[in-house]
Amino acid sequence: MIGRALAGLLRLPGAVLWMLLRALAAAVRAVAAILTLGDIVRQERPGPASREAAPAPPAPDARASALVAGALLVSIAATIAFGAAYALGAQTQLLAGTSGVSLAALAVAFIVWGQRLLQQEQITEERAPEPSPEEARRGAEEALARGEREISRRGALGWLLAGALGSLGIAALFPVRSLGPGPDRLLFHTKWRAGAPLVGIDGKPIRAADLLIGSVATVFPEGYVGDPSSQALLIRVEPGLLELPPAQLAGAPQGFVAYSKICTHAGCPVGLYRARTHELVCPCHQSTFDVLAGARPVFGPATRPLPQLPLRLGADGRLRALGDFTEPVGPGFWGMP
Amino acid sequence: MIGHLVLWLDDRLGAASFLRKAMRKAFPDHWAFMLGEVALYSYLALLGSGIYLTFFYTASGDHIVYHGTYRPLDGVPMSEAYASILRISFDVPAGLLIRQFHHWAALVFAAAISVHLLRIFFTGAFRRPREINWLIGVTLLLLAMAIGFTGYSLPDDLLSGTGLRIAYSILLSIPVVGTWSAFLLFGGVYPGADILRRFLILHIFLLQALIAALIGVHLFLIWHQKHTQFRGPGRTERNVVGSPLWPNYTMKSIGLALVIFSVLALLGGLAQINPVWLYGPYEAWQASSPAQPDWYLGWAEGALRLWPAWEIRLFGRLVANPFFPSVLFPVVFFLVLYLWPWIERWITGDARPHHLLDRARDCPWRSAVGAWAVAFGIALTLAGSNDVIANLLGVPVEIVTVYFRVMLGIAPILAAVLTYFVCHGLQERDRQPERRRIRAIVRVNARGGYEEETLPTPDSPAPEPGGGESGTGS
Ligand code: FES
């Protein structure tokens with residue numbers, strides 16, 4: 001009793017889903033029916049095979065002929081219109097409309113012709129069984145085995161042949177190495193050097209006075225504007241707010257703090273700064289970094305903080321790097337410390 | 001005329017007996033069997049439009065300053081590649097139409113392959129003797145994604161550049177060989193040397209040749225093994241019933257091809273897609289938001305977004321975060337997909353050849369597995385747009401992400417369980433056909449009264465569906 005009630009209950013969501021599926025199937029069939037004027041759908045279950053023996057001669061279908069003729073005329077007209085539109089340098093929309101109509105009308109002609117003007121027949125083909133007759137199988141095996149015996153009879157020569165082919169194959173892969181430099185330490189360095197002045201994307205030097213508290217600028221080392229690995233974000237915050245260990249704090253004079261702009265998750269430029277919460281957000285997968293706490297990730301898939309670029313503020317009011325980033329920038333890799 | 005051609009060919013190739021049989025080859029008719037054809041014809045559309053586009057595209061990352069027809073970008077520095085895309089879009093007559101036609105065709109191509117693969121899966125068409133075509137089909141799906149991505153990267157606009165950056169980072173995250181493979185593919189530290197040129201060669205030559213070759217083998221095997229068919233009167237495991245190739249099937253198939261070309265042409269000119277001039281040229285320090293890849297890579301984007309902030313160190317080395325959602329997960333998923341025919345055989349112990357298709361209900365557990373995978377894919381794809389959804393709903397993106405993490409676990413299981421019971425319910429219904437049979441007809445007559453006509457009950461029970469020569473796997 002309870003079992004049956006339970007089974008009934010379980011079937012209820014199934015029934016609802018079934019209704020939905022049926023509605024969906026009906027929609028698909030409707031589209032298919034429009035595409036094929038119904039015949040493919042109707043032929044889902046064909047009549048008895050006897051139809052094949054004597055296909056009924058097609059009834060003279062004047063309406064179908066008229067439809068095909070009409071469609072072909074429309075297609076020709078649309079093609080001419082397309083040609084004219086192209087010659088006159090018309091809008092893309094007009095080109096699409098004319099060529100689309102031309103193709104669609106032609107499609108109608110083909111489908112109606114195929115479905116209504118051709119003799120409809122279902123033919124039956126027998127399938128040959130996949131395995132060949134036993135004799136043929138044994139014959140093939142034997143032919144292969146005989147060749148193999150012939151070759152392996154030469155023992156050492158066979159091995160030598162395998163060695164020659166194998167080593168040639170491996171050597172043929174060597175040129176792949178020329179496709180790029182080895183990684184070496186390339187991922188560990190950027191163009192930042194001690195004393196490198198910070199410049200903006202316009203190449204102009206960044207002065208402390210240019211940046212208000214709460215604002216942010218994309219910076220590069222002088223002479224390397226646009227260098228993808230060296231891009232950094234300079235942010236000015238209220239000096240007292242930074243919660244960094246002393247060594248890092250020393251690289252953030254008067255609340256000017258700079259981090260690599262390359263997301264440690266998958267390398268997108270971390271472009272969004274939420275000044276109110278002091279958070280940097282990566283637009284790609286929403287990793288969020290806390291600017292006050294050394295760009296520690298607080299949300300999203302990123303696991304490592306954005307490396308900090310240590311800065312110093314010169315007497316001339318210009319910001320300079322104290323050196324390169326403290327860690328490799330960007331996404332993680334096998335050899336990353 | 002045709003007669004002369006046949007004789008001429010036969011004199012040289014002895015082709016007459018092949019032609020006689022080929023023209024009378026039977027192709028079963030069912031709307032679901034058109035899905036593979038849709039993929040084939042959108043591939044032809046891609047090939048034609050793609051060849052045209054290569055005449056105008058410049059695969060160069062060298063920077064120039066733009067002074068062309070499109071005024072809003074006048075004076076903006078950009079790569080020659082991006083400028084050539086602007087030229088195609090604004091200066092080449094019909095260039096924009098063909099470019100957008102190409103992009104739409106790529107979306108349809110990937111969609112058709114995916115739906116075709118689902119059809120094959122749910123009907124059990126991958127079973128012996130068609131395992132080879134299953135392997136080729138899954139490979140074609142992977143190649144479609146790869147060729148789609150390389151093509152998407154060529155315009156060198158802000159969105160595609162961001163995608164390239166992520167792809168590089170994913171490569172970089174692979175243990176042991178990651179850095180090397182990223183450096184060899186890109187030619188150095190990102191953005192590398194000449195990456196557009198390399199991707200162009202991959203896109204129009206290497207991947208292209210592979211796809212063309214595999215489609216060829218795929219079709220040859222279908223031809224050789226003959227198409228599968230659904231159960232029905234007169235259809236057995238040992239025959240195939242359908243329209244003859246010539247002329248019926250040919251006319252129908254050309255009609256379908258024209259429908260697809262027509263839809264693509266209309267989409268290409270009326271539905272804007274990938275308006276790269278709005279995204280702007282790629283600059284390494286800029287990113288646009290929201291940024292989503294084309295739909296067929298939505299699952300990968302979603303996986304990257306949902307994977308938690310987690311990575312491990314192995315032997316003192318780093319296995320970085322993107323490795324898990326973007327390398328390990330797809331590798332495992334596609335491995336299971338590749339091996340499915342053998343996994344299923346191992347579970348059911350059914351190693352017989354099958355030429356009659358299952359309906360989805362005939363093998364509830366397989367359909368449940370399929371529903372699980374579909375729901376999983378949809379959930380991942382939706383999660384790939386979590387920022388858009390968050391904006392739409394006015395909810396913080398953090399909450400949407402957590403929601404998707406939970407749904408990724410629950411929704412697929414729900415889908416699988418529902419599918420399982422629906423399939424069993426349908427089987428049940430099939431077993432009691434008399435419940436649905438009309439027993440009597442009640443008519444309103446001209447005077448407003450009712451007349452009842454009782455129909456004779458057939459004495460022979462309806463044929464058992466699911467019968468036939470072979471059992472189903474369950
Ligand atoms: S690249 Fe920044 S979150 Fe993924």
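Side chains are part of it too, since the values below use all heavy atoms of this structure and drop only hydrogens, waters and symmetry mates.
Contact check for B:Arg165 versus A:Pro331: side-chain heavy atoms found under the 4.5 Å cut-off. The shortest distance between side-chain heavy atoms of A:Cys284 and B:Thr162 falls below 4.5 Å. Within the 4.5 Å cutoff, side-chain heavy atoms of A:Gln122 are placed close to those of B:Ser243. Residues B:Val259 and A:Ile111 are in side-chain contact: their nearest non-hydrogen atoms beyond the backbone lie under 4.5 Å apart.
Taking CZ of A:Arg127 as the reference point, atom OG1 of B:Thr228 lies at 7.5 Å (rounded to 0.5 Å). With rounding to the nearest 0.5 Å, the separation of CG in A:Leu179 from CZ in B:Arg198 is 5.0 Å. Rounding to the nearest 0.5 angstrom, the gap separating the CG atom in A:Leu106 from the CD1 atom in B:Ile254 is 9.0 Å. Here OG of B:Ser253 is found 10.5 Å from CZ of A:Phe110. Values are rounded to the nearest 0.5 Å. Atom CG of A:Leu187 and atom CZ of B:Phe183 lie 4.0 Å apart (nearest 0.5 Å).
At a 4.5 Å heavy-atom cutoff, A:Val270 makes no contact with chain B through either its backbone or its side chain. Contacts between A:Ile201 and chain B at a heavy-atom distance below 4.5 Å involve the side chain alone, from C-beta outward. Heavy-atom distances place no part of A:Pro297 under 4.5 Å from chain B, backbone and side chain included. If you measure heavy-atom distances from B:Ala94 to chain A, the contacts under 4.5 Å come from both the backbone and the side chain. Using a 4.5 Å cut-off between heavy atoms, A:Ala90 does not touch chain B at all. For A:Gln231, the part lying near chain B is the side chain, with the backbone staying farther off; criterion is any non-hydrogen pair under 4.5 Å. Contact annotation for A:Ala104: both backbone and side-chain heavy atoms come within less than 4.5 Å of a heavy atom of chain B. Looking at B:Trp307, only its backbone comes within 4.5 Å of chain A, counting heavy atoms on both sides.
Counting heavy-atom neighbours within 6.0 Å of A:Gln91 CD, excluding the residue itself, gives a total of 12 or less. Heavy atoms from other residues, nucleotides or ligands lying under 6.0 Å from CH2 of A:Trp334 number more than 12. The local environment of CZ in A:Phe188 is crowded, with over 12 non-hydrogen atoms from other residues, nucleotides or ligands closer than 6.0 Å.
In terms of non-hydrogen atom pairs under 4.5 Å with chain B, the most contact-rich of A:Gly182, A:Ala109, A:Gly89 is A:Gly182.
Under the 3.5 Å distance criterion, the side-chain polar atoms of B:Ser173 are left unmatched by any main-chain donor or acceptor of A:Phe333. Judged by distance alone, with hydrogens and angles left aside, the side-chain atoms of B:Arg305 form no donor-acceptor pair with the main-chain N or O of A:Gly300 at under 3.5 Å.
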Residues 260-268 of chain A, side-chain donor-acceptor partners within the protein, below 3.5 Å, at least two apart:
unit_1	atom_1	unit_2	atom_2	d
A:Ser260	OG	A:Ile262	N	3.1
A:Lys261	NZ	A:Thr218	OG1	3.0
A:Lys261	NZ	B:Trp285	O	2.7
A:Thr264	OG1	A:Arg304	O	2.7
A:His265	ND1	A:His285	ND1	3.1
A:His265	NE2	B:Asn321	OD1	3.3

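Using modelled atom types and a 3.5 Å distance limit, the side chains of B:His227 and A:Glu125 yield no donor-acceptor pair.
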